Amino acid sequence: MTQRSSEVGAGDGFGPDLAEVFGPSQQDGGPELVQLLTPEGERVDHPGFRFDTEERAEDEVIRGFYRDMVLTRRIDVEATALQRHGELGIWAQLLGQEAAQVGAGRALRPQDFVFPTYREHGVAWCRGVDPLDLLGLFRGVDQGGWDPDDKNFGLYTIVIGAQTLHATGYAMGMQRDGVVGTGDPDRDAAVIAHFGDGASSQGDVNEAFVFAASYNAPVVFFCQNNQWAISEPFERQSRIPLYQRALGFGFPGVRVDGNDVLATYAVTQAALQRAREGQGPTFVEAYTYRMGAHTTTDDPTRYRLSDDLERWKLKDPIARVEAYLRRNGLADDDFFGAVQAEADDLGVRLREGCRALPDPSPLSIFDHVYAELTEELEVQRDGFAAYLESFEGVR
Amino acid sequence: MTQRSSEVGAGDGFGPDLAEVFGPSQQDGGPELVQLLTPEGERVDHPGFRFDTEERAEDEVIRGFYRDMVLTRRIDVEATALQRHGELGIWAQLLGQEAAQVGAGRALRPQDFVFPTYREHGVAWCRGVDPLDLLGLFRGVDQGGWDPDDKNFGLYTIVIGAQTLHATGYAMGMQRDGVVGTGDPDRDAAVIAHFGDGASSQGDVNEAFVFAASYNAPVVFFCQNNQWAISEPFERQSRIPLYQRALGFGFPGVRVDGNDVLATYAVTQAALQRAREGQGPTFVEAYTYRMGAHTTTDDPTRYRLSDDLERWKLKDPIARVEAYLRRNGLADDDFFGAVQAEADDLGVRLREGCRALPDPSPLSIFDHVYAELTEELEVQRDGFAAYLESFEGVR
Amino acid sequence: MAQTQKVTLAKALNMGLRKAMEDDPKVVLMGEDIGKLGGVFRITDGLQKDFGEDRVIDSPLAESGIVGTAVGLAMRGYRPVVEIQFDGFVYPAYDQIVCQVAKIQFRSQGKLKMPMVIRIPFGGGIGAVEHHSESPEAQFAHTPGLKVVACSNPVDGYWMIQQAIASDDPVIFLEPKRQYHADKADLDDTATPEPLFTSRVVRAGSDVTVLAYGPTVKTALKAAEAAAGEGRSLEVIDLRTLSPLDMAPVYESVRRTGRVVVTHEAHVNLGMGAELAARIAEECFYSLEAPVLRVGAFDTPYPPSRIEEDYLPDLDRVLDAVDRSMGF
Amino acid sequence: MAQTQKVTLAKALNMGLRKAMEDDPKVVLMGEDIGKLGGVFRITDGLQKDFGEDRVIDSPLAESGIVGTAVGLAMRGYRPVVEIQFDGFVYPAYDQIVCQVAKIQFRSQGKLKMPMVIRIPFGGGIGAVEHHSESPEAQFAHTPGLKVVACSNPVDGYWMIQQAIASDDPVIFLEPKRQYHADKADLDDTATPEPLFTSRVVRAGSDVTVLAYGPTVKTALKAAEAAAGEGRSLEVIDLRTLSPLDMAPVYESVRRTGRVVVTHEAHVNLGMGAELAARIAEECFYSLEAPVLRVGAFDTPYPPSRIEEDYLPDLDRVLDAVDRSMGF
Ligand SMILES: Cc1ncc(C[n+]2csc(CCOP(=O)(O)OP(=O)(O)O)c2C)c(N)n1
Ligand SMILES: Cc1ncc(C[n+]2csc(CCOP(=O)(O)OP(=O)(O)O)c2C)c(N)n1
Ligand SMILES: [Mg+2]
Ligand SMILES: [Mg+2]
């Protein structure tokens with residue numbers, strides 16, 4: 001009953017065949033996918049982007065990426081296990097998205113600011129957020145324990161897309177602070193806004209594009225297209241590659257292999273640099289795959305085929321860096337062993353730390369609703385305190 | 001402080017220079033503007049679109065357009081005057097947008113459905129809505145007096161952009177009713193959604209694009225870019241031509257000379273036909289100019305230069321059709337005189353009819369809040385009736 | 001022949017939706033993940049398989065888009081049933097709901113109907129993260145043109161969802177999510193249900209009237225049970241309909257008891273309890289032995305889940321209010 | 001040296017905004033048409049000219065975008081003052097307001113502040129078309145984390161807008177649009193204003209307490225004048241703050257009068273009057289001679305403007321309620 005046309009833009013008066021302009025959306029990300037490291041671990045060139053570690057030694061940087069990804073994955077694995085053991089209420093897994101997040105996270109300068117979703121554990125890691133602070137939210141002891149201004153990493157945002165507007169406004173603030181386009185690399189700053197393929201459908205996200213374009217705000221819209229919004233495949237949200245959305249708003253978009261940490265790093269770095277220089281917003285679509293469930297309460301077997309998953313396993317973001325490092329003799333067993341040991345230590349720390357996270361006090365309900373407690377709330381708090389006391393010794 | 005880059009898309013890794021792909025946005029609408037009748041009244045060809053009146057005699061149709069536009073303008077002039085005389089609370093003028101509206105309105109088939117803004121007086125005229133019914137809303141005696149299902153013309157919508165989603169949903173209903181892509185010209189139907197350049201920034205409008213693309217809904221998004229959203233110039237909403245927005249959502253967009261009734265008709269007709277055939281949504285940007293104030297309470301001298309206005313006067317949508325008809329001997333003074341007389345009659349009818357529009361009864365406040373009056377409201381109504389009665393003879 | 005089976009609220013709603021879809025081909029469901037997945041709470045489980053993608057529509061991730069296109073479908077003669085995934089995600093659709101859905105009948109002088117149901121799993125107690133435990137009912141009940149109902153048990157769930165879909169008015173349909181899988185009840189699908197917009201005494205009593213709806217009905221019933229042990233007789237009314245309110249059984253009860261406690265999970269300030277208190281005081285002024293007391297969430301945002309049970313009204317806080325009421 | 005001048009509410013707000021911008025360079029204004037045009041009501045007239053486009057920001061036409069980017073600006077240390085063009089257009093921003101603006105301090109345990117003011121011209125009586133005459137205050141007052149105030153006169157307008165901007169909490173700032181150009185008052189800009197979150201007795205009386213805010217303060221004062229002619233003494237309180245409520249002066253008054261009428265333009269059902277009635281009944285139970293009576297708009301959508309004066313509370317309906325109160 002619902003018709004679908006095979007072609008978009010028939011080559012009639014409605015302009016060139018869009019499929020020709022944009023290229024087809026292909027299962028493997030299409031020809032437009034920027035890649036610098038193949039799934040087999042081979043370096044390849046790209047005419048538009050190159051892997052530029054600035055002053056730092058390249059091998060060292062790549063080993064660092066490897067370590068970041070392994071530790072990030074370990075955080076994810078531990079948290080998933082902690083949820084299974086009832087220590088967390090829920091957990092949003094990032095399995096498979098490590099390269100997209102570490103590539104993006106490491107492209108940031110200290111003065112840049114990040115607006116995450118609820119799944120940016122790898123970016124949080126790169127920003128120095130203690131993973132235990134991430135667990136607090138999912139355990140239900142707080143709603144984000146870190147100080148956003150300390151880490152330049154905002155709180156997790158659960159309402160889909162809301163943070164893209166905050167990011168744009170924050171970037172407008174940077175413009176007003178005079179930290180954009182000054183030419184001073186330690187001063188010029190940009191914002192990165194994370195969101196998913198599903199989020200691209202939200203009004204807020206598209207309004208963020210409008211505002212960012214209108215004010216030429218220094219913000220990078222970094223979309224991890226992990227092919228799924230819970231049970232809905234990417235095709236429900238868009239029939240053409242997502243990065244092309246940006247073109248309709250008047251700023252550039254690019255699709256990068258989100259399982260390739262080098263390419264993600266390179267593209268994000270270039271996009272952030274554009275922003276810092278005052279050239280305005282960019283859309284980066286990191287083409288990747290959610291290897292796990294949406295969250296620990298989700299059951300993907302209800303809606304997707306395991307074939308897909310198997311195909312994506314061959315593109316594992318960590319395996320390809322390991323292959324590259326080994327093949328080129330850039331890291332030895334000692335290195336890999338050390339990273340493994342570090343991951344194990346982290347695992348222990350998370351398991352123990354999570355269980356030790358204190359529950360908030362019931363009376364903390366009344367804290368920080370306002371800058372100062374109102375009289376109204378003081379009455380409610382005092383009444384509740386008295387009520388709680390009345391049970392002392394009783395229950 | 002706020003930086004602007006002169007170029008969008010630097011031709012680096014972020015793909016081709018967007019300005020090259022899209023062409024520059026030019027004051028006169030740019031080279032992409034579809035035009036079939038010049039401001040001087042000369043017919044010109046366009047490779048993508050031609051003026052096709054189907055079975056009807058072309059001259060007759062064009063004379064009809066002329067009549068529609070003159071009468072539409074008269075409605076507007078009379079309503080503006082009625083507001084000045086205190087007979088209307090406010091009026092949203094369409095001066096200058098007659099061709100865009102009559103072109104779009106006449107491209108419709110009876111079974112198509114229209115979702116207007118608050119300014120679609122010309123489309124309403126084409127759908128056979130009594131102009132007096134339009135006045136009711138602005139006089140404050142009702143909120144839209146016509147029957148949408150009778151005229152296939154929805155009620156005016158004031159919340160910017162909301163109707164674009166209704167249009168998309170209605171089009172999804174048509175798909176489910178099996179009246180799309182059947183090949184039967186009397187059966188296949190489409191929806192047209194009107195909105196302005198300002199509205200293009202609203203989340204709802206962009207969500208409508210997402211839904212229409214996702215479901216391939218038979219809807220034409222018809223945007224009258226009249227260069228202004230109250231006091232804000234078009235450039236505040238978008239830095240590239242608006243029709244290009246559609247490309248980012250995966251369906252075609254086209255910019256047509258909205259002061260050229262032939263071109264607007266041709267483009268809208270083709271877009272509607274695509275929709276009826278099941279080829280999905282199209283975006284039509286009718287490039288035009290709001291010659292008057294935003295509404296009768298607005299004062300455009302506070303924010304725009306008269307130069308612009310003077311330039312656009314030369315592109316008057318009615319004058320160019322008159323020039324064409326006269327130059328080619330397709331209409332004589334009798335014709336023009338008759339249209340003028342008809343307009344005068346209409347003016348009289350509107351003036352008299354408007355003053356005679358009855359005020360609603362106070363108790364009508366309680367009508368149609370729900371399909372049936374609830375007990376709660378019955379009590380409020382009865383109480384109010386008694387209260388009103390208590391004043392009888394008193395005031 | 002009565003067909004009785006034991007079902008959860010989740011199952012009852014699923015059965016009710018199925019029945020409504022069988023009865024009327026114009027009923028279509030829309031929402032995020034309601035198709036293959038059957039919704040995150042599985043309320044629409046199996047319906048897409050049986051009724052197809054055109055009637056059980058997985059939508060793009062945009063709530064305003066969902067409700068806005070549902071408005072268009074309704075204008076075209078359909079009866080859309082929208083699922084909002086969690087209470088906290090209804091707000092992007094708020095504009096479409098209060099400015100469009102609520103007003104279209106009025107605006108069109110009844111020429112257009114708006115037979116839409118917006119299903120919202122609401123309330124807390126499931127250990128969820130932020131935005132997943134809200135109680136937004138008062139905001140909708142404050143909006144003329146909408147009707148608002150809340151079911152509290154499987155039997156009501158089965159009937160009320162069908163009645164809401166059959167209604168020509170837009171109905172905000174609130175489902176107490178923590179009850180979805182909590183208890184089973186005997187459902188006789190040949191019974192005749194009570195009308196949708198009615199309240200009901202669910203436990204008779206004589207000392208204090210306790211008003212509740214949705215998730216707090218169970219709390220109120222437990223409180224009544226506990227109070228009975230102390231020789232105190234609570235009458236519990238399940239309001240079921242929040243707009244319009246069905247005050248007749250409430251007034252009748254209050255005139256007998258003279259004391260009222262209202263309990264809901266929403267914030268006390270400007271919650272349903274405020275309206276009930278105002279109406280009861282006006283109508284039963286001389287019968288009241290004590291002011292109407294309200295037991296709800298504190299006037300703070302929903303806290304982290306580890307302390308949500310402190311935040312939400314519970315049996316003890318209801319009994320505490322009963323004590324205070326008796327103290328007047 | 002006292003500088004007294006006669007100003008309208010519109011002018012007073014304009015002066016207050018200017019003063020706030022002069023005092024603190026972090027104050028930025030955002031909204032539709034607030035720049036060159038000075039806003040459709042001219043409240044920001046001349047400010048863009050004097051403070052530049054970076055501080056008086058004409059925004060794209062998208063309310064969620066305006067409030068959402070204002071959130072980001074606030075996070076970066078700015079103090080955004082947002083103008084919503086008309087009450088009925090605040091709803092596209094509702095999600096950002098109730099889920100983000102209201103909750104960010106709480107969510108971040110006070111690490112982030114949210115010093116934002118959202119200015120909303122509200123109420124009816126100006127003969128406008130649909131969506132231009134709404135009174136959405138109860139919905140915001142129901143939302144913890146927001147503060148809500150309403151000014152009723154030029155002098156308050158001047159001070160309250162500055163105080164709201166200086167507040168570290170987000171403030172919904174309601175401006176009675178039909179008062180913008182209605183009356184002039186003497187403004188002494190060297191005076192010391194009362195604190196923002198306080199209510200005030202604006203006319204002393206002894207028989208009935210009338211509670212009002214925003215546009216109905218004038219109505220209440222007129223009613224008091226008329227009642228005085230009939231020998232009845234009304235005490236009028238301008239609530240000024242709707243969240244938090246400042247109940248002390250209200251309770252003090254009610255304990256003296258024993259009778260209360262609340263009047264607002266919002267729907268009665270779940271309007272501010274409901275909350276006031278509930279609190280007053282609880283606190284002043286033994287002082288009340290009559291139930292709190294509410295005079296507001298009927299529980300229907302806002303009607304066509306030709307009958308808006310029938311719809312809105314007026315002097316006669318307030319007096320009618322006073323009569324009914326005295327009749328108890
Ligand atoms: C406004 C809103 N609607 C619905 C949800 C429920 N929800 C949480 S995650 C999710 C899917 C998001 O998909 P995507 O944007 O692709 O991000 P991903 O989870 O794949 O990282 C949904 C629907 C929500 N959090 N917010
Ligand atoms: C949601 C919303 N916000 C603000 C307004 C106030 N308003 C009415 S018309 C208008 C400008 C609309 O501009 P555009 O979309 O270009 O249409 P035009 O008036 O030029 O036809 C604005 C801001 C509104 N009606 N709805
Ligand atoms: Mg995704
Ligand atoms: Mg415009």
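Residue numbering restarts at 1 for every chain, and letters A, B, ... go by the order of the sequence lines. Computed from a predicted model, the values in this text were never measured in an experiment.
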Handout entry: Distance, nearest 0.5 Å, that separates OH of D/Tyr78 from CG of A/Asp177
Key = 3.5 Å
Problem - Residue D/Ser243 versus chain A: region with a heavy atom under 4.5 Å - result: side chain
Exercise for the section: Under 4.5 Å, counting heavy-atom pairs only, tell me which of D/Met30, D/Arg76, D/Lys147 racks up the most with chain A. Expected result: D/Arg76
Problem - Part of A/Thr157 within contact of chain D (heavy atom distance under 4.5 Å) - result: side chain
Exercise for the section: Taking all non-hydrogen atoms of both residues into account, name the closest pair between A/Asp204 and D/Ser64 and its distance. Expected result: OD1-OG, 2.5 Å
Exercise for the section: Sort A/Phe113 into side chain, backbone, both or neither according to what part of it lies under 4.5 angstrom from a heavy atom of chain D. Expected result: neither
Fill in the blank from the handout: Ranked by heavy-atom pairs below 4.5 Å to chain A, first place among D/Gln96, D/Met247, D/Met75, D/Met114 goes to D/Gln96
Problem - Among the listed options A/Val369, A/Thr164, A/Asn206, the residue most often paired with chain D at heavy-atom distances under 4.5 Å - result: A/Val369
Handout entry: Student check: side-chain heavy atoms of A/Tyr370 and D/Pro170 closer than 4.5 Å
Key = no
Practice task
Can you tell which part of D/Ala70 gets under 4.5 Å to a heavy atom of chain A, answering side chain, backbone, both or neither?
Solution key: neither
Completion exercise
Turns out that what part of A/Ala162 lies under 4.5 Å from chain D's heavy atoms comes down to both
Fill in the blank from the handout: Under 4.5 Å to a heavy atom of chain D? For A/Gln143 that would be both
Practice task
May I ask you to name which of D/Thr69, D/Asp246, D/Leu112 has the most heavy-atom pairs under 4.5 Å with chain A?
Solution key: D/Thr69
Practice task
Apply side-chain contact (heavy atoms from CB on, under 4.5 Å) to D/Asp169 and A/Glu372, showing your working.
Solution key: CA-CA 9 Å; D/Asp169 292 315; A/Glu372 285 172 31; over 6 Å; no
Handout entry: Minimum heavy-atom distance between D/Pro244 and A/Thr374, given as atom pair plus value
Key = CG-CG2, 4.2 Å
Practice task
Go through the steps for D/Lys111 and A/Asp149 under the test salt bridge (Lys or Arg N to Asp or Glu O under 4.0 Å), then give the verdict.
Solution key: CA-CA 8 Å; D/Lys111 294 184 196 84; A/Asp149 290 330; over 6 Å; no
Problem - D/Glu53 atom CD, neighbour heavy-atom count above 12 within 6.0 Å - result: no
Practice task
Report yes if the side chains of D/Arg279 and A/Glu376 come closer than 4.5 Å at any heavy-atom pair, otherwise no.
Solution key: yes
Handout entry: Contacting moiety of D/Gln109, where chain A heavy atoms sit under 4.5 Å
Key = both
Fill in the blank from the handout: Assert top hit (heavy-atom pairs under 4.5 Å, partner chain A, pool D/Asp95, D/Leu245, D/Asp168, D/Val28) equals D/Leu245
Problem - Short side-chain donor-acceptor distance under 3.5 Å, D/Asp54 and A/Tyr215 - result: no
Exercise for the section: Measure the spacing between CD of A/Glu207 and CG of D/Leu61 and express it to the nearest 0.5 Å. Expected result: 9.5 Å
Exercise for the section: Kindly check if the number of other-residue, nucleotide or ligand heavy atoms within 6.0 Å of CD (A/Glu375) is above 12? Expected result: no
